[in-house]
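Just below is one structure, and these are the notes that go with it.
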Amino acid sequence: PVYEFTAALCQGTEIKVTQLITESISCLHDYTLQVSQMRALESAETIVISGAGLEDFLEKDLLNEKTIINASENISLIYPANHSEHHHEVDNHIWLSPTNASIMAQNIFEKLCVIYPENANVFKSNLHALQEKLNELFNYGQKELKNLSCREIITFHDGFSYMAEAFDLTIIHAIEEESGSEASAAELISITRLVNENSLPAIFVEANGSVSAAEIIGAETGAKIYTLDMAMSERNYLDAMKHNIDNLKVALG
């Protein structure tokens with residue numbers, strides 16, 4: 001998403017915007033840079049990061065003497081409750097709220113204007129167009145998810161707090177399934193109980209994540225399984241978010 005926002009802002013200028021990580025992944029927390037990516041960082045004049053700890057995998061010596069734009073400034077971070085023994089301290093998937101995405105675009109715009117003032121007018125026009133799209137996305141989500149019959153969800157990734165907050169949903173449990181840290185039997189029993197106690201019609205897995213535990217719980221409870229997209233896969237940001245909104249409506253409507 002940060003690449004998409006930056007590229008949209010720089011459209012019509014001579015600034016070359018390169019996406020550092022191009023493969024579809026579920027999570028960046030344990031990402032390892034490839035040699036080609038290290039070279040890209042070394043050659044970059046400016047580096048735009050999402051922030052809030054997401055890019056802790058970046059090697060600090062590669063960032064020395066670089067201009068860093070942190071898109072997370074002025075965004076209130078969510079520290080989820082200990083929903084899972086595999087949870088992360090802070091939810092740094094801030095872009096999953098369209099409102100936050102708009103703030104991120106504003107942050108990137110302001111720093112770009114300082115670094116490349118000769119392009120300020122183009123940046124401003126592009127920012128207006130981008131924020132219009134983000135506002136339309138937020139309004140679409142508000143409209144589509146306004147009258148759900150169920151507003152409680154269980155997710156198999158602990159990164160959807162901002163999306164839930166944006167659209168007035170409550171995450172009653174989030175579990176992080178990664179290679180080597182699959183859900184335990186005790187967790188499966190606990191989640192199964194939660195699904196039954198709350199009469200949840202559906203549970204949600206991450207588009208690039210594991211579905212094994214969700215399938216077990218679905219078989220036990222009858223809850224259907226739907227995917228949510230972190231906007232880090234093959235879909236672009238707007239399409240990923242529309243996918244999420246549409247799936248939430250179908251699953252919980």
Flag the pair [X] / [Y] as yes when at least one side-chain heavy-atom distance between them is below 4.5 Å, and no otherwise.
X	Y	result
Ile175	Ile154	no
Asn107	Asn74	yes
Phe156	Ile217	yes
Tyr116	Thr46	yes
Leu58	Ile49	yes
Glu220	Val195	no
Asn126	Leu130	no
Tyr3	Thr22	no

Do any N or O atoms from the side chain of [X] and from the backbone of [Y] form a donor-acceptor pair under 3.5 angstrom?
X	Y	value
Tyr162	Asp91	yes
Gln142	Ala166	yes
Arg151	Leu145	yes
Asn198	Leu200	no
His243	Thr227	yes
Ser149	Leu252	yes
Glu55	Ser50	yes
Glu4	Asn236	no
Thr170	Ile172	no
Ser190	Ala186	no

Tell me the closest heavy-atom pair linking [X] and [Y], and the distance in Å.
X	Y	value
Val90	Ile78	CG2-O, 3.4 Å
Ala52	Ser72	N-OG, 3.4 Å
His173	Leu194	CB-CD1, 3.8 Å
Pro98	Tyr237	CA-OH, 3.8 Å
Gln34	Gln37	N-OE1, 2.8 Å
Gly141	Phe167	CA-CE2, 3.4 Å

Original post:
Do Glu23 and Tyr31 meet the criterion of a side-chain donor-acceptor pair at a distance under 3.5 Å?
Top reply: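 A donor-acceptor contact under 3.5 Å links the two side chains.
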
Original post:
Does a donor on one side chain and an acceptor on the other come within less than 3.5 Å for Asp246 and Tyr140?
Top reply: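 A donor-acceptor contact under 3.5 Å links the two side chains.
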
Original post:
So Tyr226 and Phe204, would you call those rings parallel, tilted or perpendicular, with 30° and 60° as cut-offs?
Top reply: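 Rings of Tyr226 and Phe204: tilted, as their planes differ by 30° to 60°.
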
**OP:** Kindly indicate, with the supporting measurements, whether the criterion side chain to side chain contact (heavy atoms under 4.5 Å, CB included) is fulfilled by Thr67 and Glu45.
**Re:** CA-CA 7 Å; Thr67 301; Glu45 182 178 57; 5.8 Å; no

Subject >> Sequence neighbours excluded, every pair satisfying salt bridge (Lys or Arg N to Asp or Glu O under 4.0 Å) that has a member inside residues 221-236 >> reply: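 Listed by first then second residue: Asp229-Arg235.
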
Subject >> Worked check of side chain to side chain contact (heavy atoms under 4.5 Å, CB included) between Leu41 and Leu33 >> reply: CA-CA 10 Å; Leu41 283 173; Leu33 288 173; 3.8 Å; yes

**OP:** Test Leu137 against Ile245 for side chain to side chain contact (heavy atoms under 4.5 Å, CB included), laying out the working first.
**Re:** CA-CA 9 Å; Leu137 174 67; Ile245 292 166; 4.0 Å; yes

**OP:** May I ask whether Val122 and Ile115 are part of the same hydrophobic cluster, defined by side-chain heavy atoms of I, L, V, M, F, W, Y residues being less than 4.5 angstrom apart, directly or through others?
**Re:**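 In one cluster with Val122: Ile115, no.
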
Original post:
Can you check side chain to side chain contact (heavy atoms under 4.5 Å, CB included) on Ile94 and Leu54, steps first, answer last?
Top reply: CA-CA 10 Å; Ile94 54 177; Leu54 186 74; over 6 Å; no

[atom2] on [Y] to [atom1] on [X], rounded to 0.5 Å:
X	Y	atom1	atom2	value
Ile191	Asn196	CD1	CG	12.0 Å
Glu110	Ile69	CD	CD1	10.5 Å
Asn135	Ser102	CG	OG	5.5 Å
Phe5	Gln106	CZ	CD	13.0 Å
Glu165	Leu96	CD	CG	12.0 Å
Ile47	Thr6	CD1	OG1	12.0 Å

Subject >> For Lys124, all residues meeting salt bridge (Lys or Arg N to Asp or Glu O under 4.0 Å), sequence neighbours excluded >> reply: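 Result, salt bridge (Lys or Arg N to Asp or Glu O under 4.0 Å) vs Lys124: none returned.
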
